[in-house]
*Asks:* 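The structure is given below, and queries will be raised subsequently.
Residue numbers start at 1 and run along the sequence shown.
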Amino acid sequence: MSSLKEIQNKSLEMAEYFVEFCREHNLLCYLCGGGAIGGLRNKGFIPWDDDLDFFMPRRDYERLPELWRKHAKEQYFLSKSSEDFVDRNLFITIRDKETTCIKPYQQDLEMPHGLALDVIPLDYYPKDEKNRKKQVRWALIYSLFCAQTIPEKHGKVMKWGSTILLRCTPKKLRYKIWKKAEKEMTKYKLEESDGITELCTGPGYMKKKYPIEAFEDNIFIDFENTKMPIPVGYDIYLKTAFGDYMTPPPIEKQVPHHDAVITDMENSYIKYKGEYYGRKN
């Protein structure tokens with residue numbers, strides 16, 4: 001298993017490549033969550049954090065896959081669920097094919113199991129209360145049928161209902177449902193909205209409402225030995241999402257939040273085929 005520092009170093013290398021790619025192709029991106037907090041509080045990684053995630057406005061997020069396929073290094077694979085392949089994530093991940101980071105929920109999948117960088121879309125929050133309720137309902141439907149995984153951490157009722165819905169829905173129909181849900185939840189425009197929200201990170205964050213102006217642009221701050229972008233309105237975003245983000249959590253919570261079956265920053269995931277994922281040919 002690779003050390004936390006080795007994982008952080010490789011994550012930063014990926015992030016630098018991603019940010020430069022976005023600059024070259026006029027795509028707006030910003031560190032979110034722990035990456036943004038670490039940049040402000042520690043001028044780098046939160047000491048126990050093990051990855052970097054980015055937000056993108058929906059318009060740029062939708063442009064990313066085609067641009068990536070045409071112009072990105074072969075080393076970095078863009079994974080996005082489709083009708084023919086489901087990686088069990090709700091958003092794009094960029095994976096370094098020269099490394100290994102195998103997650104328990106993906107062990108049975110034939111895919112590049114390299115270290116991942118998550119790219120999460122931001123969408124408009126409609127002013128009308130009825131439309132907002134509809135948006136949340138569609139986002140929950142999207143989450144279930146895109147991930148095609150039973151949620152384990154959101155209560156017995158949701159787990160029970162999700163199990164029944166998935167079992168009763170043929171695989172071909174699942175894709176049509178999630179694309180319909182995605183279209184409905186993302187259809188709101190600037191002029192009919194008074195906020196920004198994140199619809200692809202689970203029911204908790206789905207409830208958050210951020211000012212539109214907080215994400216109009218990014219600013220670059222010191223991060224380890226380089227600079228990384230954060231939202232121009234980072235303070236209101238982070239306070240809304242996390243409260244007093246500049247105060248570290250209790251010591252017992254200062255641990256990595258992501259589990260992995262195995263991590264290896266020196267060798268490609270292919271080395272572990274048949275042992276830790278998939279089957280040997």
*Asks:* For Phe21 and His25, take the angle between the two ring planes, folded into 0 to 90°, and tell me which bin it lands in: parallel under 30, tilted 30 to 60, perpendicular over 60.
*Replies:* tilted
*Asks:* Considering non-hydrogen atoms only, spot the tightest contact between Asp50 and Pro256 and give its length.
*Replies:* OD2-CB, 3.5 Å
*Asks:* Which heavy atom in Arg95 sits nearest to a heavy atom in Ala116, and how many Å separate them?
*Replies:* NH1-CB, 3.7 Å
*Asks:* Between Glu184 and Arg137, is there a salt bridge with N-O shorter than 4.0 Å?
*Replies:* no
*Asks:* How long is the gap from OH on Tyr269 to NZ on Lys97, to the nearest 0.5 Å?
*Replies:* 6.0 Å
*Asks:* Would you mind checking if Arg69 and Glu66 are paired as a salt bridge, meaning a charged N to carboxylate O distance below 4.0 Å?
*Replies:*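 Salt bridge flag = yes for Arg69 with Glu66.
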*Asks:* For the residue pair Thr201 and Glu198, confirm or rule out a side-chain donor-acceptor distance under 3.5 Å.
*Replies:*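 Yes, Glu198 and Thr201 have a side-chain donor paired with an acceptor closer than 3.5 Å.
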*Asks:* What's the separation between atom CG in Leu115 and atom CG in Asp51, rounded to the nearest 0.5 Å?
*Replies:*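 Nearest 0.5 Å value for the CG-CG distance: 8.0 Å.
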*Asks:* Would you please classify the geometry between the Phe215 ring and the Tyr210 ring as parallel, tilted or perpendicular, with 30° and 60° separating the classes?
*Replies:* tilted
*Asks:* Taking a hydrophobic cluster as the set of Ile, Leu, Val, Met, Phe, Trp and Tyr residues connected by side-chain heavy atoms closer than 4.5 Å, whether directly or through intermediates, do Tyr205 and Leu140 fall within one such cluster?
*Replies:* yes
*Asks:* Distance only, no hydrogens: is a donor on one side chain within 3.5 Å (strictly under) of an acceptor on the other, for Gln75 and Asp96?
*Replies:*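 The criterion, which ignores hydrogens and geometry beyond distance, is satisfied for Asp96 and Gln75.
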*Asks:* State the OH-CG distance between Tyr234 and Asn218, to the nearest 0.5 angstrom.
*Replies:* 13.5 Å
*Asks:* I'd like to know if the side chain of Asp264 reaches the main chain of Glu266, judged simply by a donor and an acceptor atom lying under 3.5 Å from each other, with no hydrogens or angles considered.
*Replies:* yes
*Asks:* Looking at side-chain heavy atoms only, is the closest gap between Pro229 and Cys29 below 4.5 Å?
*Replies:*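 Of all side-chain heavy-atom pairs linking Cys29 with Pro229, at least one is under 4.5 Å.
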*Asks:* Report yes or no: does Tyr237 contribute a side-chain atom to a donor-acceptor pair with the main-chain N or O of Gly33 at less than 3.5 Å?
*Replies:*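 Checked: pair present.
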*Asks:* Testing the basics here: between Tyr76 and Glu13, what is the closest heavy-atom pair and its distance to 0.1 Å?
*Replies:* OH-OE2, 3.8 Å
*Asks:* Is the side chain of Gln107 donor-acceptor paired with the backbone N or O of Gly278 at a distance under 3.5 Å, no angle test?
*Replies:*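 No, Gln107 side chain to Gly278 backbone: no donor-acceptor pair under 3.5 Å.
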*Asks:* Can a cation-pi geometry be assigned to Arg23 and Phe220, taking NZ or CZ under 6.0 Å from the six-membered ring centre and within 45° of the ring axis?
*Replies:*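 Ring-cation test returns yes.
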*Asks:* Will you find, in the side chains of Arg174 and Gln148, an N or O donor that is under 3.5 Å from an N or O acceptor?
*Replies:* yes
*Asks:* If I compare all heavy atoms of Leu28 with all of Glu216, which pair ends up nearest, and what's the gap?
*Replies:* CD2-O, 3.9 Å
*Asks:* So do the side chains of Thr100 and Lys271 get within less than 4.5 Å of each other, counting heavy atoms only?
*Replies:*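 They are not in contact (no side-chain heavy atoms under 4.5 Å apart), so the answer is no.
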*Asks:* Could you tell me if the side chain of Leu190 sits less than 4.5 Å from the side chain of Ile212, heavy atoms only?
*Replies:*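 The answer is yes; the side chains approach within 4.5 Å.
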*Asks:* Examine Ile270 and Phe77 and state if one hydrophobic cluster contains both, with Ile, Leu, Val, Met, Phe, Trp and Tyr joined whenever side-chain heavy atoms are less than 4.5 Å apart.
*Replies:* no
*Asks:* Can you find a pair of side-chain heavy atoms, one from Asn9 and one from Lys5, that are under 4.5 Å apart?
*Replies:*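 Answer yes - side chains close enough.
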*Asks:* Ring-plane angle category for Trp68 and Phe18, please: parallel below 30°, perpendicular beyond 60°, tilted otherwise.
*Replies:*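 It falls in the tilted class, 30° to 60°.
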*Asks:* Between atom CE of Met246 and atom CD1 of Ile37, what is the distance when rounded to the nearest 0.5 Å?
*Replies:* 9.5 Å
*Asks:* Checking Phe45 against Ser11 for the side chain to side chain contact (heavy atoms under 4.5 Å, CB included) test, could you report, in this order, the C-alpha distance in whole Å, the side-chain angles of both residues, the deciding distance, and whether it holds?
*Replies:* CA-CA 10 Å; Phe45 283 95; Ser11 293; 4.1 Å; yes
*Asks:* Whether the Asn267 and Tyr272 side chains hold a donor-acceptor pair (N or O, under 3.5 Å, no angle test) is what I'd like checked.
*Replies:* no
*Asks:* Side chain to side chain donor-acceptor pair (under 3.5 Å) between Ser268 and Glu98: does it pass, once the steps are laid out?
*Replies:* CA-CA 4 Å; Ser268 170; Glu98 296 180 3; over 6 Å; no
*Asks:* Taking the six-membered ring for Trp, is the centroid-to-centroid distance between Phe54 and Tyr30 below 6.0 Å?
*Replies:* no
*Asks:* Where is the tightest heavy-atom contact between Arg88 and Ser81, given as atom of each residue plus distance?
*Replies:*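 For Arg88 versus Ser81, the nearest heavy atoms are N-OG, 4.0 Å.
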*Asks:* For the residue pair Glu16 and Glu20, establish whether any side-chain heavy-atom pair is separated by less than 4.5 Å.
*Replies:*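 Glu16 vs Glu20: side chains apart.
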*Asks:* I want to check something: taking the side chain as every heavy atom from C-beta on, are Val119 and Leu78 in contact at a cut-off of under 4.5 Å?
*Replies:* no
*Asks:* Do you know the tightest heavy-atom contact between Ala214 and Pro231?
*Replies:* O-CB, 3.4 Å
*Asks:* Using a strict threshold of under 4.0 Å (side-chain N to carboxylate O), is an ion pair present between Asp259 and Lys103?
*Replies:* no
*Asks:* Are Lys239 and Asp235 ion-paired here, with the side-chain N under 4.0 Å from a carboxylate O?
*Replies:*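 Yes, charged N to carboxylate O under 4.0 Å.
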*Asks:* Do Gln254 and Pro248 have side-chain heavy atoms sitting under 4.5 Å apart?
*Replies:*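 The answer is yes; the side chains approach within 4.5 Å.
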*Asks:* Go through it in stages, so that I can follow the logic: the residues are Leu122 and Arg58, the test is side chain to side chain contact (heavy atoms under 4.5 Å, CB included), and I'd like the CA-CA distance, side-chain angles, deciding distance and then a yes or no.
*Replies:* CA-CA 5 Å; Leu122 291 171; Arg58 175 66 67 170; over 6 Å; no
*Asks:* Can you run down the ring-ring contact (aromatic ring centres under 6.0 Å, His included) pairs that involve residues 89-138, sequence neighbours left out, and say none if there aren't any?
*Replies:* His113-Tyr277
*Asks:* Do Asp87 and Ser79 have side-chain N/O donor and acceptor atoms under 3.5 Å apart?
*Replies:*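 Looking only at side-chain atoms, Ser79 and Asp87 do form a donor-acceptor pair, the distance falling under 3.5 Å.
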*Asks:* Whether the Asp123 and Thr197 side chains hold a donor-acceptor pair (N or O, under 3.5 Å, no angle test) is what I'd like checked.
*Replies:*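 Absent: no donor and acceptor within the cut-off.
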*Asks:* How about Pro121 and Pro57: do any of their side-chain heavy atoms sit closer than 4.5 Å?
*Replies:*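 Heavy-atom side-chain distance check fails, nothing below 4.5 Å.
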*Asks:* Rounded to the nearest 0.5 Å, what's the gap from CD1 on Ile102 to CE on Met111? Could you check?
*Replies:* 10.0 Å
*Asks:* Enter the distance from Gln135:CD to Ser193:OG here, rounded to the nearest 0.5 Å.
*Replies:*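 The distance works out to 7.5 Å.
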